[in-house]
Visitor: 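Sharing a structure below in structure tokens format, with a few things to ask.
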Amino acid sequence: EDQVTQSPEALRLQEGESSSLNCSYTVSGLRGLFWYRQDPGKGPEFLFTLYSAGEEKEKERLKATLTKKESFLHITAPKPEDSATYLCAVQATTSGSRLTFGEGTQLTVNP
Amino acid sequence: SQTIHQWPATLVQPVGSPLSLECTVEGTSNPNLYWYRQAAGRGLQLLFYSVGIGQISSEVPQNLSASRPQDRQFILSSKKLLLSDSGFYLCAHQRGLGNTIYFGEGSWLTVV
């Protein structure tokens, strides 16, 4: 069974204080790992897709990395507008179209 | 570009009443379509997914059903709502396995 665990559940940062969010996964074969940002009352907004270990992608203050067991979302010099819940999901080669999500990390950036 | 529409955005329904949430996708053909439910402060629970017209896979036995009458239309239904059906329902689409999955804006359902 595919499993995704995100940590921490909640994270409070001061503006400019860099940190990382973790997504650990267990699949028999990874087809893709997805990161999303979700604001309260909204649908998840796509950030990145990673396909193979060693891959990295960047977008503004965010950088996603991937190993064979986990992915990190690094946030550099965050701003209050980065406050949101960040979701990680995996699609496995043996699970067809099924996409399995973690519980998310709620990030709050204080000015 | 691909867009996804989901409606209604918000609804309040009495226990025992029927439900119909609709989702349509534009800008792509034969997408994979998904219905997810999200409880407050929690992750997304996959309810149904579809790889083609009339093809529905159910992930969780429950009071809900799904249908795909057209290539880019996905409907979530219930004949009789329960209090436990309350939540945030999200429709999503994917052009093909491994490709980016896009979500709609969601539908808030409150069963009273």
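Reminder, nothing fancy here: chain letters follow the sequence lines and each chain counts from 1.
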Visitor: With a 4.5 angstrom heavy-atom cut-off, could you sort out which part of A:L33 is near chain B: side chain, backbone, both or neither?
Guide: neither
Visitor: Say you draw a straight line from CH2 of B:W7 to CD of B:E105; how long is it, rounded to the nearest 0.5 Å?
Guide: 14.5 Å
Visitor: Should we count CD of B:Q45 as having more than 12 external heavy atoms under 6.0 Å?
Guide: yes
Visitor: Given heavy-atom pairs under 4.5 angstrom as the criterion, report whether the side chain, backbone, both or neither of A:Q38 touches chain B.
Guide: side chain
Visitor: Decide if the gap between the ring center of A:Y36 and the ring center of B:F103 is smaller than 6.0 angstrom.
Guide: yes
Visitor: Are more than 12 heavy atoms from other residues, nucleotides or ligands located less than 6.0 Å from atom NZ of A:K69?
Guide: no
Visitor: Can you tell me which portion of B:L44 sits under 4.5 Å from chain A's heavy atoms? Options are side chain, backbone, both or neither.
Guide: both
